Amino acid sequence: MLPSRNFFYTDFLSFFMEYNFSEIEKKWQQRWRQDKTYRVVEDLRKPKYYVLDMFPYPSGAGLHVGHPLGYIASDIYSRYKRLRGFNVLHPMGYDAFGLPAEQYAIQTGQHPRVTTDANIARYREQLDKIGFSFDWDREVKTCNPEYYKWTQKTFIDLYSHYYDTAAQKAKPIAELVTALEKNGNLSVSAACGNPDLTFTAAEWSAMSAYNRHQTLMEYRLAYQKDGMVNWCAALGTVLANDEVANGLSVRGGHPVERKLMRQWYLRITAYADRLLDGLNRINWSDSLKETQRNWIGRSTGANVRFKALHLPMNASLEIFTTRPDTIFGATFMVVCPEHPILSQITPEPDVAEYVSRAKNRSERERQSEVKNVSGMFTGLYAENPFTGRQIPIWVSDYVLAGYGTGAIMAVPAHDSRDYAFAKHFGLDIIPLIEGCDVSTESFDAKDGIMVNSGFLNGMQVKEAIGAAIKKVEELGIGSARVNYRLRDATFSRQRYWGEPFPIYYKDDMPHTLSPDMLPLELPEVDKYLPTETGDPPLGRATTWKYEGKYSYELSTMPGFAGSSAYFIRYMDPHNNARLADKAKNEYWRNVDLYIGGTEHATGHLMYSRFWNKFLFDLGEVCEDEPFQKLINQGMIQGRSSFVYRVAGTNTFVSLGLKDKYEVQEIHVDISLVQNDVLDVERFKRWNPDYANAEFILENGKYICGWAVEKMSKSMYNVVNPDDVVIRYGADTLRLYEMFLGPLEMSKPWDTNGIDGVHRFLRKLWRLYHDRNNTFTVSNEKATPQELKALHKIIKKVQDDIEAFSFNTAVSGFMICVNELTELGCCKREVLEPLTILLAPFAPHIAEELWETLGHTNTICDAAFPEFNPDMLVENSFEYPISFNGKLRYKKELPLGLSKEDVRLLVENDPNTEKFLDGKPMKNFVYVPGKIINIVC
RNA sequence: GCCCGGGUGGUGGAAUAGGUAGACACGCAGGACUUAAAAUCCUGUGAGCAGCAAUGUUCAUACGGGUUCGAUUCCCGUCCCGGGUACCA
């Protein structure tokens with residue numbers, strides 16, 4: 001027998017015998033699946049808690065190591081809440097409709113459903129390996145007809161409701177029709193797409209069916225209109241504003257242009273105020289709430305009509321302003337190139353040319369020239385209603401057609417854009433606020449005392465705004481008005497792989513399907529491309545007709561449709577009669593904790609709040625806000641590694657020596673690098689070009705450089721969680737992802753520290769087992785030191801989990817295990833509670849130890865250990881005081897100590913002198929620490 | 001430009017009702033065990049100065065000021081980095 005081989009073999013065995021994570025994890029994952037350990041049912045005897053992850057889009061690339069970060073955090077919290085006696089709903093599903101599967105279908109002809117199912121299977125396999133406590137019986141896939149039936153149903157409801165602005169609630173459109181029949185639209189309070197629309201009851205009844213239909217479209221919460229949309233020719237579809245960045249599609253980076261098209265929209269703007277108010281009642285981060293507030297962009301001000309001179313029929317020009325107090329300083333007006341007033345005149349040729357050029361320029365071109373001031377005098381004048389002065393009307397593309405009225409009054413002294421324009425064209429600038437200097441820039445602050453402003457002189461700005469609005473209303477030239485930046489959401493996509501609309505066309509008008517005909521299933525098509533006539537792909541399903549003759553709507557719904565109510569469906573995923581049963585909805589109510597990325601701040605998180613509020617108005621759900629608390633986990637970036645090739649050679653120089661050469665930095669696959677040391681032999685095999693590479697080493701090693709970059713294939717820095725699980729186990733992965741840093745912070749993935757976490761689990765294992773891996777836990781009573789260590793960690797874990805400070809909780813465990821190892825503790829009284837504490841973080845090893853401790857039930861049903869503060873003061877106490885010549889006692893004295901005892905302890909402590917330093921002290925907290933540590 | 005975050009050792013990061021800065025971990029160095037390796041364990045580890053040493057001492061939380069007996073923490077200014085947003089009247 002060869003000794004070397006023998007040694008290697010036995011040590012290899014003992015290594016695995018010690019803490020055999022792969023066997024333990026396999027065993028428990030199997031058992032959890034078999035026993036449906038994480039199945040949850042409504043239970044009125046227990047308080048509920050709903051923990052939700054943003055469900056993933058199953059992409060072909062599979063999960064990378066960044067995805068599970070949030071899932072692990074939510075899993076820890078779910079498991080913790082369960083130990084605390086809550087009935088925890090913790091589901092998972094897939095946002096399964098989307099472009100990549102369709103792109104793949106276009107290239108290969110494979111049905112997107114096949115691609116999607118395969119990707120979902122892969123995701124599921126990866127997720128299962130990490131040991132999540134999802135109730136998979138509640139899985140929701142948005143592409144499943146049983147689910148999208150309810151997306152379609154809600155669309156029908158949106159179509160057949162309007163928004164009552166007085167009641168602040170959605171109501172059936174039939175009620176509106178009754179009101180219109182009675183009084184016309186003069187006395188109805190309803191959110192309307194066209195604020196200038198007025199008609200009487202008589203006019204209403206005189207309308208043709210088609211005109212009534214068109215009129216109701218202005219009120220429906222889901223409606224059709226011709227609108228400028230972001231048309232992406234390469235994708236053959238319309239994109240939402242948040243799917244476009246810098247004139248390019250977010251997905252694919254194809255150019256996007258403006259195009260007029262008939263589209264479905266959702267009237268989310270009707271809910272703008274409620275979306276804003278609701279933010280005050282939910283527990284989200286300030287920055288996220290602020291992002292949503294900015295996105296909604298509510299600004300209060302007034303609409304004011306300026307008399308347009310030299311035009312027939314008392315023409316006027318209406319503007320919106322947030323600063324009606326500055327009307328006295330309005331020295332000119334500006335209209336957007338699309339403004340209707342321009343069609344009433346015959347402009348000079350150069351003006352006409354400017355207008356047509358500005359109109360035809362894409363949004364992108366307009367944006368790229370933000371800093372260039374351009375514009376033309378139209379030849380028209382208006383009258384300033386406060387000064388009576390004639391002021392010129394200009395046209396410029398810095399005024400946008402889509403916001404306000406498409407026209408502004410320019411107050412160059414107090415608006416920086418007007419200022420730049422006035423300076424460029426030499427227009428008047430009249431300062432209106434006492435003491436402001438407008439020689440080099442405008443004074444935009446809403447603060448100061450009015451001057452040069454007639455009846456407003458001497459008032460504070462805020463006061464003047466109110467007074468000006470009052471005056472405007474008296475003059476009958478305008479009124480207070482609220483404007484929003486938020487736009488209605490375009491809801492059509494010229495795509496195949498999405499929910500079909502439950503709509504067919506008859507007499508050129510859309511009609512909804514009756515709900516009992518739902519779901520309207522996606523038809524099969526021969527190709528996933530637009531038809532020859534430019535219809536969307538659904539146009540290829542030529543026999544797909546309502547009653548065999550009426551054409552269905554050919555576009556499909558956008559990605560956010562399916563993700564807007566999935567969290568409600570989880571409450572009752574198999575219900576065939578409702579989105580969710582009423583009683584079940586009233587039990588689970590809404591999501592208590594939602595964890596996901598910040599990239600959804602203005603998309604999904606806005607749409608789903610709107611969708612939920614609508615369902616609330618219908619009485620379908622019992623909570624107005626869907627997500628009580630929300631946490632944004634940070635992104636995990638990649639950590640790329642580099643090698644340095646000496647220019648023009650095949651010689652690579654180690655990081656520390658590279659400055660002596662002229663080198664070329666090259667990305668190297670991170671699997672060839674460990675702790676920044678390159679595996680030279682594997683590197684040579686990695687790429688044939690490097691087979692004969694030579695190396696200049698330092699200390700016998702090749703050290704790689706590194707940089708933090710986005711995780712991407714091309715940078716060879718993608719880390720797959722499966723690889724980590726195989727090498728270290730799921731429990732190590734879970735702990736390490738948490739240990740990496742604060743949950744909400746973005747951080748690079750860096751495996752350099754993972755050994756430490758793995759080592760911790762092995763140390764933990766050795767608390768329960770001896771060298772021969774024999775279970776050694778004793779039933780002896782624990783010592784005070786051991787109990788102190790235990791109760792310290794109980795408190796720490798409890799506080800840290802509640803604060804979502806999982807990284808410091810893991811540190812706490814490490815300290816605790818080090819302490820217990822030092823104390824040689826192997827007492828059940830300590831180890832049993834410790835096992836429970838660890839269960840949310842490392843469930844597999846916890847279950848295994850729990851079983852070894854003799855329990856037959858799952859550790860998930862254990863009770864979270866009770867913290868006893870007395871255990872911490874067994875031998876010593878921590879006691880805060882303050883000292884300002886006289887001691888102040890901040891807490892009740894512990895353990896029968898008198899004030900005199902404490903005074904002596906403090907005064908005899910050598911540190912006291914150091915801090916007193918002979919000076920008079922105020923509000924001095926005694927150190928060491930705000931806490932003194934005195935042994936009795 | 002504006003609005004949010006953030007800047008602490010070689011590295012990831014601890015610590016804020018203002019109170020011993022650098023917990024915990026990685027890495028590194030040295031040591032023990034071993035024929036050897038792996039694993040494990042022990043010791044040291046912000047920088048400088050003095051000392052054989054225990055130790056003492058100075059400087060350190062992006063930079064510059066301020067408040068305070070005391071500031072990583074609060075205030076003012078500056079510079080960098082990340083995210084959001086963008087001609088919104």
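Throughout, a chain's letter reflects where its sequence line sits, starting with A, and its residues are numbered from 1. Just so you know, these numbers come straight off a predicted model, no measurement behind them.
- Under 4.0 Å is where a charged nitrogen must lie from a carboxylate oxygen, and between A:Arg298 and A:Asp273 at least one such pair does.
- Rounded to whole Å, the separation between the C1' atoms of B:rA47 and B:rU61 comes to 14 Å.
- Listed pair A:Arg762 / B:rU40 meets the phosphate criterion, a side-chain N or O lying under 4.0 Å from OP1 or OP2.
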Please write out each protein N/O paired with an N/O of nucleotides 41-43 of chain B under 3.5 Å, distance rounded to 0.1 Å.
residue, atom, partner, partner atom, Å
B:rC41, OP1, A:Arg766, NH2, 3.3

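- Here A:Arg759 pairs with nothing under the salt bridge (charged side-chain N to carboxylate O under 4.0 Å, His left out) rule; sequence neighbours left out.
- By the ring pair (Phe, Tyr, Trp, His ring centres under 6.0 Å) test, A:Phe813 pairs with A:Phe841, sequence neighbours left out.
- Partners of A:Lys462 by salt bridge (charged side-chain N to carboxylate O under 4.0 Å, His left out), not counting sequence neighbours: none found.
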Secondary structure of RNA chain B in dot-bracket form (Watson-Crick or G-U wobble, distances below 3.5 Å, | marking inter-strand pairs): (((((((..(((......[....)))((((((.......))))))(((((....)))))..(((((..]....))))))))))))....
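- Every residue was checked against the ring pair (Phe, Tyr, Trp, His ring centres under 6.0 Å) condition with A:Tyr484, not counting sequence neighbours, and none meets it.
- With sequence neighbours left out, the ring pair (Phe, Tyr, Trp, His ring centres under 6.0 Å) criterion links A:Phe421 to A:Phe332, A:Trp394, A:Tyr398, A:Phe425.
- In this view, A:Arg766 and A:Glu18 satisfy the salt bridge (charged side-chain N to carboxylate O under 4.0 Å, His left out) rule, not counting sequence neighbours.
- A sub-4.0 Å separation between OP1 or OP2 of B:rG84 and a side-chain N or O of A:Thr602 is absent.
- A:Lys792 pairs by the salt bridge (charged side-chain N to carboxylate O under 4.0 Å, His left out) definition with A:Glu819, not counting sequence neighbours.
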